[in-house]
Amino acid sequence: MKFFLDTANIAEIEEAASWGAVSGVTTNPTLYAREGGKLADFHAHIVRICEIVDGPVSAETVSLKRDEIVAEGVELAALHEHVVVKVPTMPEGLAATRELFERGIKVNMTLCFTVPQALLSARAGAAYISPFIGRFDDISEDGLEHLGNTVAAINNYDFGHDVEIIAASVRHPGHVVGAALLGADIATVPFKILQQCIKHPLTDRGLESFLADWEKVKNS
Ligand code: G3P
């Protein structure tokens, strides 16, 4: 499973990219707004992210009509070769995805919650599909169970093009473990969760004792 970073924060992306284990970035309007992002700076911000990360960078469209989504997508895709156009799962989004697919532009279909939504997204030509886990948990449903159903359904078929499942709306490392065991291709995680994923108290305790013992070696 690959790790993407789910953030629009440049410092977080730079730090995580320096660890050498992050394969891409996903952003959305909420994440950009959280950084105090201005409309006029949006494209430059996406380009900046693309320059940091050597992999796909999802930039989301905000139009609701197919032609406008396509126009937005074409503009976003022209910014940098790393850009993947993120399109919400809805009828107009499907139509736009088909059009973008035919133009050779990669789409990440977002806000995907059900198996039929995922199958339709794949049929429309989405290169990535983003089932949300945490938002199911928020309404007392099992997000990982939904993710597992989506992974299994998508893996049942050949869509004639590559389709990767991005486990999204990841809220804790347990979601990352679940996504990996269920066979998601990618987990997109906030920076804080990436940090939690690399940390373990037994690792810290082990390192502490190794270093303490090395002091004894040095002083012998
Ligand atoms: O990038 C989309 C998704 O990961 C959002 O997560 O935490 O807002 O449900 P969340």
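The figures that follow rest on heavy atoms only: side chains count, while hydrogens, waters and symmetry mates do not. Read the numbers this way: they start at 1 and go in the same order the structure lists the ligands and their atoms.
The distance criterion of under 3.5 Å between nitrogen or oxygen atoms is not met by Thr110 with respect to ligand 1. Some N or O of Lys86 is nearer than 3.5 Å to an N or O of ligand 1, by distance alone. Checking only distances, Thr188 never comes within under 3.5 Å of ligand 1, N or O to N or O.
Heavy-atom minimum distance, Thr150 versus Ala118: CG2-CB, 3.5 Å.
With Ser130 contributing its side chain and Leu111 its backbone, the two residues share no donor-acceptor pair below 3.5 Å. Of the possible donor and acceptor atoms, one in the side chain of Thr89 sits under 3.5 Å from a partner among the backbone N and O of Thr110. Counting only distance, with no hydrogens or angles, the side chain of Glu72 and the backbone of Val62 share a donor-acceptor pair below 3.5 Å. Looking only at distances, a side-chain donor or acceptor of His82 sits under 3.5 Å from a matching main-chain atom of Cys50.
Those atoms of ligand 1 with a heavy atom of Arg135 less than 4.0 angstrom away are 5 (C), 8 (O), 9 (O), 10 (P). For ligand 1 and Arg171, the ligand atoms under 4.0 Å from any heavy atom of the residue are 7 (O), 9 (O), 10 (P).
The nearest protein atom to atom 6 (O) of ligand 1, hydrogens excluded, is given as Ser169 CA, 3.3 Å; this is a heavy-atom distance. For atom 1 (O) of ligand 1, the nearest non-hydrogen atom of the protein is Asp6 OD1, 2.9 Å.
The pair Glu92-Arg66 meets the salt-bridge criterion, with a side-chain N (NZ, NE, NH1 or NH2) lying under 4.0 Å from an Asp/Glu carboxylate O.
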